[in-house]
Number of protein chains: 2
Amino acid sequence: MEKRRDIYQAIADPTRREIISLIARQSMNLNAIADNFEASRPAISQHIKVLTECGLVIIRQQGRERYCELKIDKLKEVTSWVEECNKYWNAAIDSMEDYLQQLQTKNKKHGKQQ
Amino acid sequence: MEKRRDIYQAIADPTRREIISLIARQSMNLNAIADNFEASRPAISQHIKVLTECGLVIIRQQGRERYCELKIDKLKEVTSWVEECNKYWNAAIDSMEDYLQQLQTKNKKHGKQQ
DNA sequence: TATATTTGTAAGCAAATACTTACATAATGG
DNA sequence: CCATTATGTAAGTATTTGCTTACAAATATA
């Protein structure tokens, strides 16, 4: 079995994103979270399981209650990935501009104009 | 039918994330993209379809080739969501600190110490 | 014009997902 | 100790996903 969870898959589900947004504001126990949704408690429990499995949430047991706490840093891995894509994209734009610049200069030398 | 695509679902798949990372560097036509993966060309074509359906990629037709261009701004919507969560989280931390501060002050008044 | 190239898409299928109901377990409170 | 509360988890199911092969269509090229 040994399922590999990852953050991207975790935040793909809208309900899980709502859960994340909810416990960002305040740690909550499972029933309190479930109260905010139409889905059944077990459904929410399973969502929480996914979130813990990929390290987005940790559980603090307090008596019979289990408080769900968001690990915000884990969420920032997504931002990092986006930032990396953005870096590649900017570099591509820059080199394209250089290229057009060179093209223009060369054309001027040859007396060509657009 | 009318499938609703969204970016979160789009980036959930590792192959699609690789495609995004690839065309961030440079626009590529479909076959060129497919060459970078083990999966079949139709499989990649279907991934591209998902990416266009949620606005992450646009197609520039050039003769019989179709160049896939990344719409980097769309990707930033994800960052925005993460940032919003982060804002909530920071606000929660701040108010928790205020609370502990108040508690400490009160305890000092009553002569209590830990 | 005949052929090769680039692509979309349908059909079929195995696996994963998200949900439900039903039951089990453990802590709390009288 | 018994009832309540908070939760996990199993079983079952409908839907979605990601892939394949096969075929179609449109453009380019010899």
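These numbers come from the heavy atoms of this one structure, side chains and all, not from hydrogens, waters or symmetry mates.
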Euclidean distance, atom [atom1] of residue [X] to atom [atom2] of [N] [Å, nearest integer]:
X       : N      : atom1 : atom2 : value
A/Ile59 : D/dT9  : CD1   : P     : 11 Å
A/Asp6  : C/dT17 : CG    : P     : 10 Å
B/Asp13 : D/dT16 : CG    : P     : 17 Å
A/His47 : D/dT7  : NE2   : P     : 16 Å
A/Ile19 : C/dA18 : CD1   : C1'   : 12 Å
B/Ile11 : D/dG18 : CD1   : P     : 13 Å
A/Arg17 : C/dA18 : CZ    : C1'   : 15 Å
B/Glu65 : C/dT7  : CD    : P     : 6 Å

A/Asn36 and A/Ile19: side chain to side chain contact (heavy atoms under 4.5 Å, CB included), yes or no, with the steps? CA-CA 9 Å; A/Asn36 290 274; A/Ile19 292 174; over 6 Å; no
In this structure, which one of B/Val57, B/Leu56, B/Leu51, B/Ile48 forms a side chain to side chain contact (heavy atoms under 4.5 Å, CB included) with B/Ile23?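 Per the side chain to side chain contact (heavy atoms under 4.5 Å, CB included) rule, the option paired with B/Ile23 is B/Val57, out of B/Val57, B/Leu56, B/Leu51, B/Ile48.
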Test your reading of the model: is there a side-chain donor-acceptor pair from [X] to the backbone of [Y], 3.5 Å cut-off?
X        : Y        : answer
B/Thr105 : B/Gln101 : yes
A/Ser21  : A/Arg17  : no
B/Arg16  : B/Ile11  : no

Test side chain to side chain contact (heavy atoms under 4.5 Å, CB included) applied to B/Cys68 and B/Met28, step by step: CA-CA 5 Å; B/Cys68 302; B/Met28 299 170 83; 5.8 Å; no
Between protein and nucleotides 23-28 of chain D, map the contacts as a letter string: B base, S sugar-phosphate only, - none, heavy atoms under 4.0 Å, written 5' to 3'. ----BS
Would you give the length of the straight line joining atom CZ of A/Arg66 to atom OG of A/Ser27, rounded to the nearest 0.5 angstrom?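 These two atoms lie 14.0 Å from each other.
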If you round to the nearest 0.5 Å, how far is NZ of A/Lys76 from OG1 of A/Thr79?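 One finds 8.0 Å between OG1 of A/Thr79 and NZ of A/Lys76.
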In terms of side-chain heavy atoms of B/Pro42, which of C/dA22, D/dA22, D/dA6 is nearest?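 Among C/dA22, D/dA22, D/dA6, the one nearest the side chain of B/Pro42 is D/dA22.
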If you pin A/Tyr67 and A/Gln46 to their nearest nucleotides in DNA chain D, which one's is more 5'?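 Per heavy-atom nearest nucleotide, the more 5' residue is A/Tyr67.
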Mind checking B/Ala43 for me? I need base, sugar-phosphate or nothing, with any heavy atom below 4.0 Å counting as a touch.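 Base, at least one base atom sits under 4.0 Å.
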Return yes when atom CD of A/Gln61 has more than 12 non-hydrogen atoms of other residues, nucleotides or ligands closer than 6.0 Å, and no otherwise.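 Yes, the 6.0 Å shell around CD holds more than 12 heavy atoms from other groups.
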Got a sec? Which of residues 31-38 of chain B come in under 4.0 Å of DNA chain C, heavy atoms?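 Hits under 4.0 Å, by residue number: B/Asn31.
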B/Leu22 versus B/Phe37: any side-chain heavy-atom pair under 4.5 Å?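 In contact.
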Please examine the side chains of A/Tyr67 and A/Ile33, heavy atoms only from C-beta on, and report whether any two atoms are closer than 4.5 Å.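 The answer is no, as the side chains (C-beta and beyond) never meet within the 4.5 Å cut-off.
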Report the C-alpha separation of B/Trp81 and B/Tyr8 in whole Å, then their side-chain angles, then the decisive distance to 0.1 Å, and conclude whether the side chain to side chain contact (heavy atoms under 4.5 Å, CB included) test is met. CA-CA 10 Å; B/Trp81 177 73; B/Tyr8 301 96; 3.1 Å; yes
Taking the axis from the first five pairs and the axis from the last five, what angle separates them in the helix from C/dT1-D/dA30 to C/dG30-D/dC1, rounded to 10 degrees?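 The two end axes of the helix from C/dT1-D/dA30 to C/dG30-D/dC1 meet at 20°.
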Using a cut-off of strictly less than 4.0 Å, decide whether [X] has a side-chain nitrogen or oxygen near OP1 or OP2 of [N].
X       : N      : result
B/Ser40 : D/dT20 : yes
A/Arg66 : C/dA26 : no
B/Ser45 : C/dT7  : no

